[in-house]
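What follows is a single structure, written as structure tokens, with notes after it.
None of these values were measured; they are calculated from a predicted model. Here is how names work: the chains are called A, B, and so on, in the same order as the sequence lines, proteins then strands, and each is numbered from 1.
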Amino acid sequence: MATSEFARLPGFRDFPPEDFALRSHVQESWRRVSRRYGFLEYDGPPLEPLELYVEKSGEEIVGQLYNFVDKGDRAIAMRPEMTPSLARILGDRSRGMSKPIRWFSMPQLFRYERQQRGRLREHFQWNVDIVGEDGVAADAEVLAVAIDGLRELGLSAADFAARVSDRRLLSALLRVVGVTEDRLPAAFAVIDKIERLPGEKAAELLRSEARLDPEQIATLHDMLDTRGLDDLAARFGDHAEVAPELQRMREYVETLEAMGLGPYVTVDLRIVRGLAYYTGIVFELFDRKGELRAICGGGRYDRLLELVGGEPLPAVGFGMGDVVLGELLADRGLVPQYERSVDYFIVPVTPEQRPEALRIAHVLRDRGHGVVYALRDQAVGRQMKAAAKEGAQTVLLLGPDDVARGCVVARDMSTGEERDIPLSELA
RNA sequence: GUGGGCGUAGCUCAGUUGGUUAGAGCGCCGGAUUGUGGUUCCGGAGGUCGCCGGUUCGAGCCCGGUCGUCCACCCCA
């Protein structure tokens with residue numbers, strides 16, 4: 001309810017400490033896994049020239065962007081995704097860099113659309129990319145990072161799975177089915193949403209958009225329903241243009257199996273991805289229960305760098321948003337309990353000990369400990385209560401008697417045990 | 001952008017067929033407890049019932065609009 005005069009903008013989130021804790025937990029996990037794979041962190045500006053997105057996705061995307069004209073008459077967009085920025089950044093400097101380039105980022109991204117569950121107007125998205133390597137090992141490496149990112153958060157093969165495909169393989173198969181070259185993009189678009197369409201609607205679109213007859217549509221459905229590379233090879237493997245694509249997909253899957261990630265991976269030709277710039281292997285991560293939106297999506301985009309004016313370099317990467325992931329973690333009970341914690345709470349028993357308490361607090365802080373104390377003179381009982389609320393591990397009690405005999409009393413708040421610490425140790 | 005459900009305290013909610021001063025639990029603040037916390041007991045603060053308008057003698061409750069939120073479309077970084 002909007003009790004405050006100024007309401008938060010729809011689709012945007014506040015992060016009070018108890019919510020910020022989950023955000024940190026997720027981002028720190030992402031960062032650990034990235035580094036484990038040798039990726040380096042980068043970032044770019046949240047505002048970019050509007051043309052950066054129009055260039056590779058078409059004018060329609062402008063309707064889903066936060067955009068405006070700045071005081072210098074420049075058309076500006078708040079970044080809706082990171083990949084074009086990465087392409088732009090590398091375009092300026094990739095020539096001098098050793099390949100492959102392994103970079104990751106966790107940008108806050110924006111889009112102007114009506115919010116729904118798992119879909120806000122702002123989110124943090126983990127982006128991981130390998131640039132300058134066109135072999136399937138890079139594709140496998142990137143997917144492995146995405147899978148490990150989820151495993152790091154406590155999710156397992158029982159919770160989520162990757163569905164993988166390859167636009168080159170799908171193109172070859174569609175040509176075999178009878179889709180003409182100029183109709184491939186239209187066919188991709190229909191296949192991308194075919195799971196969400198009722199059967200007759202899908203058939204109608206395949207007829208009108210992809211120009212397929214009923215027999216071809218039946219063959220296509222048969223193809224899309226095929227699970228496993230062996231079955232696909234048995235049915236379509238004797239076509240000259242399909243065989244090498246199947247072989248590549250086989251190598252990709254075998255690489256992931258060699259990593260021990262086989263249980264997470266399923267070949268599924270219905271995975272196409274919406275973005276226009278993907279050129280090869282594409283994948284999405286889903287929760288096994290199928291209750292949520294895709295957790296993560298990515299793939300190979302070998303022409304994007306050249307398209308934005310850079311060195312022509314092959315690239316593969318993914319984006320994983322924090323919103324759907326947060327819901328999945330909550331559903332599986334994997335959100336860590338929020339707890340405040342501080343190393344020491346210092347209690348001057350009477351106001352006379354306050355200067356000594358301040359001195360000790362600073363000594364301990366200089367040593368790297370977290371230290372809190374009451375900001376005004378209070379009864380010991382009150383201060384103890386405050387110490388408990390702060391989550392203090394240890395309370396240091398400074399009474400007149402204690403200080404007189406040259407020590408402070410350290411109380412362990414979990415066990416209640418107390419012991420003396422000589423002031424000489426806190427000098 | 002289209003259609004629908006829902007908006008009562010910081011949070012989760014109750015509130016009889018419209019009836020006069022709007023409630024609970026948790027949380028928050030304080031006291032019991034001026035050298036010892038988490039328990040317990042007692043007390044307190046906090047709401048123009050999302051907002052605007054309408055119907056009515058009377059609206060938290062009915063009607064319209066609006067904003068927010070959720071769901072389904074659209075779209076999908």
Side-chain angles (χ1 to χ4, degrees), chain A residues 1-12 14 16 18 48 52-53 56-58 60-66 77-86 107-127 189 192-193 195-198 201 271-278 284 293-299 301 317-324 340 345 347-353 374 377-403 408-418:
Chain A
M1 47 238 66
T3 45
S4 163
E5 189 171 351
F6 300 102
R8 184 166 15 85
L9 253 24
F12 286 81
D14 293 323
E18 59 272 24
E48 290 279 10
L52 182 61
Y53 307 104
K56 56 86 191 164
S57 299
E60 315 87 80
I61 202 164
V62 176
Q64 295 167 19
L65 288 173
Y66 266 98
M78 293 177 75
R79 60 187 177 191
E81 55 163 332
M82 197 57 176
T83 308
S85 295
L86 172 65
Q108 187 173 26
L109 305 178
F110 309 87
R111 66 177 160 200
Y112 195 89
E113 285 192 292
R114 178 168 290 194
Q115 65 166 319
Q116 252 181 73
R117 180 170 195 209
R119 190 165 201 198
L120 306 176
R121 288 182 168 181
E122 147 276 320
H123 73 162
F124 291 91
Q125 190 188 63
W126 185 29
N127 275 250
D192 185 36
K193 64 179 77 167
E195 285 179 274
R196 303 185 291 272
L197 292 173
K201 179 71 178 168
I271 298 302
V272 176
R273 307 283 300 144
L275 288 172
Y277 53 67
Y278 287 116
E284 293 186 356
R293 298 166 184 281
I295 305 161
C296 167
Y301 52 99
F318 70 82
M320 180 186 296
D322 69 327
V323 179
V324 176
R340 303 181 63 168
F345 193 101
V347 176
V349 172
T350 75
E352 283 66 46
Q353 288 82 51
D377 295 329
Q378 286 178 324
V380 171
R382 288 221 59 68
Q383 297 188 68
M384 291 302 293
K385 221 173 248 188
K389 279 186 183 163
E390 294 283 350
Q393 309 291 306
T394 304
V395 167
L396 298 184
L397 286 143
L398 281 74
D401 305 345
D402 308 312
V403 173
V408 303
V409 174
R411 179 183 179 86
D412 183 308
M413 289 296 271
S414 52
T415 65
E417 286 171 23
E418 296 189 352

List the steps, then state whether side-chain contact (heavy atoms from CB on, under 4.5 Å) holds for A:R119 with A:V323. CA-CA 7 Å; A:R119 190 165 201 198; A:V323 179; over 6 Å; no
With side chains defined as the heavy atoms from C-beta onward, is the minimum distance between A:L397 and A:E418 less than 4.5 Å? yes
A:F345 side chain near A:M384 side chain, heavy-atom distance below 4.5 Å: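 Not in contact.
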Pairwise [atom1] distance for [N] and [M], with rounding to whole Å:
{"N": "B:C76", "M": "B:G7", "atom1": "C1'", "value": "29 Å"}
{"N": "B:U56", "M": "B:A72", "atom1": "P", "value": "41 Å"}
{"N": "B:G38", "M": "B:C28", "atom1": "P", "value": "12 Å"}
{"N": "B:C49", "M": "B:U20", "atom1": "P", "value": "15 Å"}
{"N": "B:C61", "M": "B:A14", "atom1": "C1'", "value": "14 Å"}
{"N": "B:G60", "M": "B:C51", "atom1": "P", "value": "11 Å"}
{"N": "B:G53", "M": "B:G46", "atom1": "P", "value": "26 Å"}
{"N": "B:A59", "M": "B:G18", "atom1": "C1'", "value": "6 Å"}

On RNA chain B, nearest-nucleotide positions of A:R114 versus A:R119: which is more 5'? A:R114
Select from A:L397 and A:F12 the residue whose nearest nucleotide in RNA chain B is closer to the 5' end of that strand.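 Final value for this comparison: A:L397.
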Nearest-Å distance, [atom1] ([X]) to [atom2] ([N])?
{"X": "A:L396", "N": "B:G37", "atom1": "CG", "atom2": "P", "value": "17 Å"}
{"X": "A:L65", "N": "B:C75", "atom1": "CG", "atom2": "P", "value": "17 Å"}
{"X": "A:E18", "N": "B:C26", "atom1": "CD", "atom2": "C1'", "value": "15 Å"}
{"X": "A:R121", "N": "B:C75", "atom1": "CZ", "atom2": "P", "value": "18 Å"}
{"X": "A:F345", "N": "B:G35", "atom1": "CZ", "atom2": "P", "value": "16 Å"}
{"X": "A:L109", "N": "B:C76", "atom1": "CG", "atom2": "C1'", "value": "14 Å"}
{"X": "A:L120", "N": "B:G68", "atom1": "CG", "atom2": "C1'", "value": "14 Å"}
{"X": "A:Q393", "N": "B:G37", "atom1": "CD", "atom2": "P", "value": "19 Å"}

[X] versus [Y], closest heavy-atom pair with distance:
{"X": "A:I295", "Y": "A:M320", "answer": "O-CG, 3.5 Å"}
{"X": "A:L65", "Y": "A:Y112", "answer": "O-CB, 3.6 Å"}
{"X": "A:L120", "Y": "A:G11", "answer": "CB-O, 3.2 Å"}
{"X": "A:Q353", "Y": "A:G399", "answer": "CD-C, 4.0 Å"}

Non-neighbouring partners of A:D192 that pass salt bridge (Lys or Arg N to Asp or Glu O under 4.0 Å), sequence neighbours left out: none
Compare side-chain N and O positions of A:Q383 against OP1 and OP2 of B:G37 and report whether any pair is under 4.0 Å apart.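 So the side chain of A:Q383 is outside the cut-off, no N or O lying under 4.0 Å from OP1 or OP2 of B:G37.
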Using only side-chain N and O atoms of A:R382, determine if any of them is under 4.0 Å from OP1 or OP2 of B:U36.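 The answer is no; no side-chain N or O of A:R382 sits under 4.0 Å from OP1 or OP2.
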Determine which nucleotide pairs with [N], using a 3.5 Å limit on both distances of a Watson-Crick or G-U wobble pair.
{"N": "B:A24", "result": "B:U12"}
{"N": "B:A32", "result": "B:U40"}
{"N": "B:G64", "result": "B:C52"}
{"N": "B:U17", "result": "none"}

Stepwise side-chain contact (heavy atoms from CB on, under 4.5 Å) check, A:R273 with A:E284: CA-CA 8 Å; A:R273 307 283 300 144; A:E284 293 186 356; 2.9 Å; yes
Looking across every strand, which nucleic acid part, if any, lies under 4.0 Å from [X] by heavy atom: base, sugar-phosphate, or nothing?
{"X": "A:D192", "value": "nothing"}
{"X": "A:G319", "value": "nothing"}
{"X": "A:G317", "value": "nothing"}

Of the listed nucleotides [options], the one nearest the side chain of [X]:
{"X": "A:Q115", "options": "B:C75, B:U69, B:G35", "result": "B:U69"}
{"X": "A:A379", "options": "B:U36, B:C75, B:U34", "result": "B:U34"}
{"X": "A:M384", "options": "B:U69, B:G35, B:U36", "result": "B:U36"}
{"X": "A:K389", "options": "B:C28, B:C75, B:U36", "result": "B:C28"}

Please list each protein N or O that sits under 3.5 Å from an N or O in nucleotides 38-41 of chain B, with the distance.
unit_1, atom_1, unit_2, atom_2, d
B:G38, N2, A:M413, O, 3.3

What I want to check is whether an N or O donor and acceptor connect the side chain of A:E418 with the base of B:U36 at under 3.5 Å.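 Check passes, donor-acceptor contact within cut-off.
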For A:S85, which of A:L109, A:L52, A:N127 qualifies under side chain to side chain contact (heavy atoms under 4.5 Å, CB included)?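 Running side chain to side chain contact (heavy atoms under 4.5 Å, CB included) over A:L109, A:L52, A:N127 with A:S85 returns exactly one hit, A:L52.
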